[in-house]
Structures are given as structure tokens and as C-alpha cells.
Chemist: 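Have a look at the structure that comes next, please.
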Amino acid sequence: MSHALNLDHSTATRPASAARPSLIGLSKAGLAEALVGHGVVSEKEGRMRASQLWNWLYVNGVTDFDRMTNVAKPVRQKLSDTFNLDRPEIVTEQVSVDGTRKWLFRFRDPQNPNMPPVEVETVYIPESDRGTLCVSSQVGCTLTCSFCHTGTQKLVRNLTAGEILGQILMARERLGDFPGGARPDDGGLVPGGETRAITNIVMMGMGEPLYNYDNVKQALLIASAGDGMSISKRRITLSTSGVVPYIEPTGREIDVMLAISLHAVRDELRDVLVPINKKWPLKELLEACRNYPGLSNARRITFEYVMLDGINDSDAEARELVRLLAGIPAKINLIPFNPWPGSNYGTSPSSRIERFADIVNKAGYASPVRTPRGRDIFAACGQLKSESERLTKKDREALLAL
Ligand code: SAH
Ligand code: SF4
């Protein structure tokens, strides 16, 4: 198929605002630097204005400089002449019968405004005691786990820190999570007793977050900053397929909860299911887990284990799992396989999942079975995929030259 036919020429006539750099995704120091560097405020005012902006962007969720009432009018004007606060465009918003909500968001490449936009999916899962937002880190994935739908989509590109945060900001806006915001009228979205719709973040959407480490780190540090969005680091979980060299830095520098997509207890099988295992096999992966900074019984690692009928779901494998994880403070999350068009696996029968969970439980591990959510709108684990396609080198060069 020729990608050239897919070019969205509207990018050439996009509003001038899109060409201005975004302020979303900069650290507070980075904000000050941008304001001073673009001559919007003096060196002396940089830090103060950056703090004001930070509060408007992340506490109040403002997208219009004119609403920043404590910023002098001429400064507001300069700000809007120089920067943008754009959030992603919503291509679709679907609500499942179980209340799960899935958005398809569209982003333009801030560095290369001539490039076609990319799209990612973000999912909101309301439960009785929490509301979890499942955020994407990449468009597509370089890895090819054989049971994962995202893995069938080639990597298009990494998302920027601003785009990762953009998903959270947009979801909070849609769910009425900012001061003065309106809740959606389909009800049932706000978990009991919580004042916020989104209480938890999981980096479990499209992509491998540790292959986009710097941007994921920046976004999560901003999302968890106490004087901003203030989402507790204990309520943020990053899931990795096992990019071993980045596991220790994740704990030390981002300090969020860790989840490992384990899925198999033998290298031969894990090499097939999670091919990154060929690079960093089980022994190295588990060693990195043992050394995860801050690990304790109060801060356990979650091991995700997809239940594939007749592939990895035997009693012997349950016992081996327990043996492998000995000494690591862990929770085991059993995920019934979610099928997608063209997938070659079946979901383990529930009696098998129960038996497997029982063995793990008896060994002293909490092993909740993850109830599939939003399957009717294709929002469950491993079902996410967008139509964004990777361009050929030639198309890319042609576009960049526009
Ligand atoms: N790339 C990261 C983040 C994605 S998290 C990672 O792999 O950890 C999504 C979780 O859902 C991972 O544990 C992934 O292995 C799992 N998953 C992928 N496809 C699935 C499917 N079809 N059914 C159930 N779980 C799936
Ligand atoms: Fe990528 Fe994770 Fe899917 Fe594997 S499971 S292909 S790492 S998104």
C-alpha cells in the first residue's frame, strides 16, 4: 500500500498555533527556561511565572492563557503568541457496557508539523474503590509478543512527555476531574468515596515504556508532583516486558510501582511469548526485580501472567512460578487472555485459572484474576492498536522537506 496516498494535507493548513511549541510536558525548571529563552518574561520573573503556569496547567487544567487571571495581561498575550497548550484531538470516545471508556487520541508531531498525525488509545477503568487510567507510551511497539495485538503494529514513534501527559489531562477533562469540571452524564464513573475519577495510572497501554524511558520518566514525575496533578507514586504502576537495564533506574529515578509481564516460567517458552526474553532471560530479569529500589512487603512487584489455554497454564507451571519468585515481595496478576482478530491463542477455561490461582495463593501470594474490562469496545489488556502507520524512509524524507 502506498503511504503517500494517506497523507493528511490538512497539516499544511493547520492553524498557526500548532507550530508554536507546547508548554505541556516541561519540568518546572524547563518552563522557566522556555519563558525566559523566548523573551516572554525577564530572567528575574522566570521562576515565579513558571510556578503560576504549573498551577494553571496541572492543578486547574486550563488550556487558555486568558484564564490565567493572576498573570498580567501583556504577559498572557506574549504567552499565547509564543506557545500553545494544545491537548490531543479526540477521534473517538467509546463507553463499554461495564463503564470502561476508551479514547482514540490524535497527536501531531511537535518537532515535525508536516508529518501526518499519530493516534493512540487510552482507557479509563472505573471500579468501586478506584478509577484507573491506562496510558500509552508509544505509537505501536518494537516488540512482538505473540499474544499481544499492539505487537502486530510496528513502532511508529515514541510519544513525547507532553503527549503522555496530554492523555492524562484530556481524560481528566472528559471525566470532570479539574476544579469546576462537569462529570459525564452517563453516570457511574466516579468511584465511591473518591473525589477524583482518576485515582490510579498504569503505563499499560500501547508500547514498551522502558523503550521510551526519558519521556515516560519526565511525564510521570510531572503527573506525581505534589504541587501539580499530585497523583501518588504508589498509585502509578509502570509495566515492562523486561527491559532489564532500565529497571533499576525506574525505581531510583521515577520511584513508581513496577509490574513485569512475565507470562512464562521457562526461557524456551518465554522466548516465544515475550521475545525480548532472548536478550534478557528470566534469570537476569528476576535478578533486576530482586534489586528493585524500594522493594518491600509494602511495595511489591506485580507479576503479570496471561492465561493461555494449554500453553502456560498447567499446575506444574503454577508451582514453578512460586519457586521462581521466592524471596521477591510480589503480587501475581493472572490475566485471562483477551482475544483479538487473527490471534492464535485461546483463553484458559475459568476452572483452570482458578486451580492455577489456588496453587499460587496457597504459596502465600495474592493472585487476583484480572476481570476483563471493556472487551466489547476492544479496550481490554493487549487489545489496543491504532491505525497509525509507519512511513517508508522515502515518504518520511519527502514530508520533512515540505
Ligand atoms: N509493553 C508493556 C506495557 C503493556 S501492558 C508490557 O508488555 O508490559 C499490557 C499488559 O497486557 C502486559 O502484561 C501484556 O503482556 C498484557 N497483554 C498483552 N496482550 C494481551 C492479551 N491479548 N490478553 C491479555 N493480556 C495481554
Ligand atoms: Fe509491546 Fe507490551 Fe505488547 Fe509486548 S505486550 S508487544 S512489549 S505492548
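Along the sequence shown, residues are numbered consecutively beginning with 1. One-based numbering, in listed order, for ligands and for the atoms of each.
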Chemist: Look at Arg157 together with Glu163 and state whether they make a salt bridge at an N to O cut-off of under 4.0 Å.
Modeler: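 A salt bridge is present here (some side-chain N lies under 4.0 Å from a carboxylate O).
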Chemist: Identify, by atom number and element, the atoms of ligand 1 in contact range of Glu304, meaning under 4.0 Å from any of its heavy atoms.
Modeler: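 The list of qualifying atoms is 10 (C), 12 (C), 13 (O).
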Chemist: Using a strict threshold of under 4.0 Å (side-chain N to carboxylate O), is an ion pair present between Arg20 and Asp81?
Modeler: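 Not counted as a salt bridge, because no side-chain N and carboxylate O are separated by less than 4.0 Å.
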Chemist: With a 4.5 Å heavy-atom cut-off, do Gln138 and Glu208 have their side chains touching?
Modeler: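 With C-beta onward as the side chain, the pair touches.
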Chemist: In terms of side-chain geometry, is the basic nitrogen of Lys279 or Asp271 positioned less than 4.0 Å from the acidic oxygen of its partner?
Modeler: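 Salt bridge between Lys279 and Asp271, a charged N being under 4.0 Å from a carboxylate O: no.
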Chemist: Looking only at protein heavy atoms, which one is nearest to atom 4 (Fe) of ligand 2, and how far off is it?
Modeler: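 The protein heavy atom lying closest is Cys145 SG, 2.3 Å.
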Chemist: How about Asn200 and Thr132: does a side-chain donor come under 3.5 Å of a side-chain acceptor?
Modeler: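 Per modelled atom types, Asn200 and Thr132 side chains form no pair under 3.5 Å.
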Chemist: May I ask you to identify the nearest protein heavy atom to atom 20 (C) of ligand 1, giving residue, atom name and distance to one decimal place in Å?
Modeler: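 Closest protein heavy atom to atom 20 (C) of ligand 1: Gly382 CA, 3.3 Å.
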Chemist: Counting from 1, what ligand 1 atoms have a heavy atom of Gly205 closer than 4.0 Å?
Modeler: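 Checking each atom against Gly205, I get 4 (C).
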Chemist: Atoms of ligand 1 less than 4.0 Å from Asn338 heavy atoms?
Modeler: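 Ligand 1 atoms under the 4.0 Å threshold to Asn338: 21 (C), 22 (N), 23 (N), 24 (C).
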Chemist: For atom 2 (Fe) of ligand 2, grab the closest protein heavy atom and report residue, atom and distance to one decimal in Å.
Modeler: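 Ranking protein heavy atoms by distance from atom 2 (Fe) of ligand 2, first comes Gly207 O, 4.5 Å.
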Chemist: Could you check whether Glu304 and Ser239, counting side-chain N and O atoms only, form a donor-acceptor pair closer than 3.5 Å?
Modeler: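 Judged by distance alone, the side chains do pair up.
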Chemist: Looking only at N/O atoms, are Met203 and ligand 1 under 3.5 Å apart anywhere?
Modeler: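 No, Met203 has no N/O under 3.5 Å of an N/O on ligand 1.
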Chemist: Any atoms of ligand 1 less than 4.0 Å from a non-hydrogen atom of Thr240? List them with their elements.
Modeler: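 Near Thr240, the atoms of ligand 1 are 6 (C), 8 (O).
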Chemist: So which of Ser261, Gly207, Cys141, Ser241 gets nearest to atom 3 (C) of ligand 1, if we judge by its closest heavy atom?
Modeler: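 Nearest option to atom 3 (C) of ligand 1, by heavy atoms: Gly207.
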Chemist: Could you list the atoms of ligand 1 found under 4.0 angstrom from a heavy atom of Ile335?
Modeler: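 Near Ile335, meaning under 4.0 Å from one of its heavy atoms, ligand 1 has 24 (C), 25 (N).
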Chemist: Among all protein non-hydrogen atoms, which one is nearest to atom 15 (O) of ligand 1, and what is the separation to 0.1 Å?
Modeler: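 Closest protein heavy atom to atom 15 (O) of ligand 1: His263 NE2, 2.6 Å.
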Chemist: Enumerate the atoms of ligand 1 whose separation from the nearest heavy atom of Trp340 is less than 4.0 angstrom.
Modeler: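 Answer for ligand 1: 22 (N).
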Chemist: Is a donor from one side chain sitting under 3.5 angstrom from an acceptor on the other, for Glu317 and Ser314?
Modeler: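 Yes, side-chain donor-acceptor contact under 3.5 Å.
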Chemist: Do any nitrogen or oxygen atoms of Ser239 lie less than 3.5 angstrom from nitrogen or oxygen atoms of ligand 1?
Modeler: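 N/O-N/O distance below 3.5 Å exists for this pair.
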Chemist: Report, in ascending order of atom number, the atoms of ligand 1 lying under 4.0 Å from any heavy atom of Cys148.
Modeler: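 So the answer, numbered in order with elements, is 18 (C), 19 (N).
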Chemist: Please write down residue, atom name and distance for the protein heavy atom closest to atom 3 (Fe) of ligand 2.
Modeler: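 For atom 3 (Fe) of ligand 2, the nearest protein heavy atom is Cys148 SG, 2.4 Å.
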Chemist: Tell me the protein heavy atom at minimum distance from atom 25 (N) of ligand 1, and give that distance in Å.
Modeler: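 Nearest neighbour among protein heavy atoms for atom 25 (N) of ligand 1, to 0.1 Å: Cys381 CB, 3.5 Å.
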Chemist: For atom 1 (Fe) of ligand 2, what is the closest protein heavy atom, and at what distance to 0.1 Å?
Modeler: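 The protein heavy atom lying closest is Cys141 SG, 2.4 Å.
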Chemist: Do ligand 1 and His149 have nitrogen or oxygen atoms that lie under 3.5 Å from each other?
Modeler: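 No, there is no polar N/O contact under 3.5 Å.
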Chemist: For residues Tyr365 and Phe303, establish whether the separation of their ring centroids is below 6.0 Å.
Modeler: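 No, the ring of Tyr365 stays outside the 6.0 Å limit from the ring of Phe303, centre to centre.
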Chemist: Just checking, any donor-acceptor pair under 3.5 angstrom between side chains of Tyr345 and Ser146?
Modeler: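 Yes.
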Chemist: State whether a side-chain donor-acceptor pair under 3.5 Å links Asn212 with Asn215.
Modeler: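 Yes, a side-chain donor-acceptor pair sits under 3.5 Å.
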